[in-house]
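Contents: one structure, followed by commentary.
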Amino acid sequence: GNNVSDRDDGPHFGYDLPDDGDSVPEDEEDPGFDITPPEEDEEESRPQVDVTPNTEGITISPRPSGETLDAEAVYNRVVTSTVTVSAKLTQENGSTGESTGTGIIATSDGYIITNSHVVLNSRSAKVTVTTFDGLEYEAVVVGVDRTTDLAVLKTNDHDFVPAEFGDAGELSVGEWVLAVGNPFGFTSTVTSGIVSAKARNISATTQTRGNGGIEAYIQTDAAVNHGNSGGALVNLRGELVGINTAIYSQTGAYAGCSFAIPTSIVEKVCGDLREFGAVQRAFLGISFIELSPELVKDKGIKGATRGVYVASVEDRSAAREAGLREGDVVVAINGTDVTGTARLQEIMARLSPGDAVNIVYVRDGQRGSASTTLRNRAGDTSVTRPQTPLGVLGAMFTPVTDAQKQSLQISQGVQVKINDRDGRMARAGVNDGFIILSANNVPVKSADDIERLFNKVREERDKVIFLIGIYPSGKQAYYAVDLSD
C-alpha cells in the first residue's frame with residue numbers, strides 16, 4: 001500500500017477537494033452533484049446575523065431503548081429539522097456560481113449544518129435557507145472545512161426544531177436507515193436503504209490516495225442524488241447518524257453506493273467551526289501503511305495482524321514524543337482498536353490539539369504503550385484560526401441588538417467576542433462584550449465595516465485602528481489596535 005501521512009487533507013470521491021485557501025481548478029469534476037465552486041471569493045453583502053457561539057451546541061445521545069419507529073414516524077420526526085440551502089457567489093468579473101442542497105438544523109437558535117460544496121466552499125456565499133413548510137431565512141456561512149466537506153450556517157431566527165443526534169458508532173451493518181433531502185429540487189424527499197458498510201475507505205476502491213480527511217464513511221444503498229448533499233441519514237429511531245455527502249458512480253447518477261459523514265465527526269468539526277471558525281485538527285506526525293498479509297510477510301511482523309504500520313515519524317511530533325519508531329504497528333488509541341487506515345483517521349478526526357492520548361503499539365512482537373499530547377499542523381497546541389487576514393484580530397463581531405441600542409442609547413455598533421487571547425484585539429486590551437461604535441472616526445454598523453477598514457489600514461503607513469466604544473455596563477473605552485507585523 002501507499003504511505004499515508006496524517007498531515008494530508010481531503011476526502012475523496014474519485015476527485016480531490018482543495019486545501020483551505022486553494023482555488024478550485026476549472027476542470028475539477030464534481031462527485032455527482034454538479035456543483036463547481038468558483039475559483040475565488042468575493043464578499044457578498046451579508047445579512048446581519050448574530051454568530052456568537054452559544055452553549056447549546058450538538059449533543060450525541062445514546063441509542064434509546066424500546067421499539068423502532070416506522071418510516072412515516074421517522075420522516076415526521078426528521079423533516080422539521082431539514083432545510084433547503086441555496087447559495088450564490090458573485091465573482092469580481094461578474095460571473096456567478098450557484099448551488100442548491102440540503103441542510104440540517106443543529107440548534108434551536110439557527111445553527112445549520114450542510115456540506116462545504118453546497119455553499120461553494122466559501123464563507124462569502126450569499127445563502128438562503130428554506131424550511132420544510134416554505135419559510136425563507138437569510139443565513140451567513142460561519143465556517144467551511146473542505147477537508148471533511150462540512151459547513152456551518154447561522155440565521156438570526158430562533159425556535160427552530162433541531163435534529164436529534166444519535167451515535168453513528170452504534171449502527172450495525174444491515175441496519176435500516178432513511179435519507180431525507182431535496183434531490184433535484186424535490187423538497188423533503190425520503191428514501192430508504194440499509195447500512196452497507198461502516199468506516200468505509202473510498203480511496204481503497206477508487207484507487208485515489210487517502211488524504212487524512214474523511215475515510216471512514218457510512219456506506220448505504222439509500223438513494224441519494226443531486227440536491228441530497230448535506231441532508232440527513234437517520235436510523236429508525238429518528239436520530240441523525242450521518243450527513244449525506246457523496247455517491248460513487250460512473251455516470252453521476254445514483255448507482256447504489258451512497259456515503260455519509262458519521263455524527264461523531266460532524267459533532268467535532270461543526271463544534272470547532274461554530275466556536276473558532278476553523279477546525280482544530282490534531283496530528284500524530286506519522287506516515288503509515290495499513291497492515292495487510294503481504295506487508296506482514298514482507299516486513300516479518302509478529303504479534304499483529306491488524307493496525308497501521310509506521311513508515312516514518314516526523315521530528316518534533318506527538319509520535320516522536322511518545323517514542324514511536326519506524327516499523328512499529330499502532331493497534332489502539334485511547335482504548336479504541338485501530339483496525340486500519342479508516343479507523344485511525346476516524347479516531348484522529350474526533351480529537352483536538354492538546355488532547356492526551358494513550359497509544360498501544362507492537363514492536364518486535366511485543367506490545368507496548370505510550371502517552372503523548374497531540375499537536376496541530378504547526379507542531380504546537382495553539383488555536384487554529386480561519387485562513388483570512390481578518391483572523392489576526394482574534395475576535396468575532398456581531399451586530400448589537402435593539403435592546404442594547406435602547407439600553408445604552410446608541411444607534412449602531414458591533415459587539416466583540418474574543419476568540420484568541422493572543423490576537424491583536426486582546427493584545428490591545430479589548431475585552432469580551434466591548435461594543436465598537438466607531439473605528440478611525442468612521443461609524444461601525446456591521447462586521448463588514450470592520451473588514452473594509454481592516455483591509456484599508458493594512459495598506460497604510462500607520463497600521464493602527466483606533467476604536468471608540470462602550471461596554472454593556474455603560475463604561476466608555478478607547479483602544480488602539482496595532483496591525484503592524
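Side-chain atoms are counted along with the backbone in the values below, which use heavy atoms only and exclude waters and symmetry mates.
- Residues Thr84 and Asn182 bring a donor and an acceptor atom of their side chains to less than 3.5 Å of each other.
- Remark: Arg343 engages Glu346 in a salt bridge, criterion side-chain N to carboxylate O under 4.0 Å.
- Atom CG of Asp364 is surrounded by 12 or fewer heavy atoms from other residues, nucleotides or ligands within 6.0 Å.
- Between the side chains of Thr131 and Asp133, a donor-acceptor pair is found at a separation under 3.5 Å.
- In this structure, Phe184 and His226 have tilted ring planes: the angle between them lies in the 30° to 60° band.
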* Asked: side-chain contact (heavy atoms from CB on, under 4.5 Å) between Val296 and Thr305: does it pass, once the steps are laid out?
  -> CA-CA 7 Å; Val296 169; Thr305 57; 5.6 Å; no
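- Glu451 has no carboxylate O lying under 4.0 Å from a charged side-chain N of Arg123, or vice versa, which leaves the two without a salt bridge.
- Ala232 and Val78 make their closest contact through CB-CG1, 4.1 Å (heavy atoms, listed as atom of the first residue, atom of the second, distance).
- Looking at every heavy atom in both residues, Pro353 comes nearest to Asp380 through CB-O, 4.2 Å.
- Summarising the geometry of Ala139 relative to Val129, their closest heavy-atom pair is CB-CG1, 4.4 Å, with the distance given to 0.1 Å.
- The distance from the CZ atom of Phe132 to the CD1 atom of Ile105 is 9.0 Å, given to the nearest 0.5 Å.
- In this structure, Arg350 places its CZ atom where more than 12 heavy-atom neighbours from other residues, nucleotides or ligands lie under 6.0 Å away.
- Of all heavy-atom pairs spanning Asp149 and Ile261, the tightest one is O-CD1, 4.4 Å.
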* Would you please test Asp145 and Arg281 for side-chain contact (heavy atoms from CB on, under 4.5 Å) and show each step? => CA-CA 11 Å; Asp145 182 52; Arg281 193 162 278 115; 2.7 Å; yes
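- Minimum interatomic distance between Ala395 and Ile418 (heavy atoms only, all atoms of both residues): CB-CD1, 4.2 Å.
- Between Tyr248 and Tyr217, the ring center distance fails the sub-6.0 Å criterion.
- A cation-pi contact, defined as under 6.0 Å to the ring centre and within 45° of the axis, is absent between Arg200 and Phe259.
- Counting heavy-atom neighbours within 6.0 Å of Arg63 CZ, excluding the residue itself, gives a total above 12.
- The two residues Leu150 and Val266 have their closest heavy-atom pair at CD1-CA, 4.0 Å.
- A salt bridge is defined here as a Lys NZ or Arg NE, NH1 or NH2 lying under 4.0 Å from an Asp or Glu carboxylate O, and Asp315 with Arg320 meets this definition.
- Judged purely by distance below 3.5 Å, without hydrogens or angles, the side chains of Gln280 and Ser352 never pair a donor atom with an acceptor atom.
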* **Val329 vs Tyr309, side-chain contact (heavy atoms from CB on, under 4.5 Å): CA-CA, chis, key distance, verdict** => CA-CA 4 Å; Val329 178; Tyr309 176 84; 4.3 Å; yes
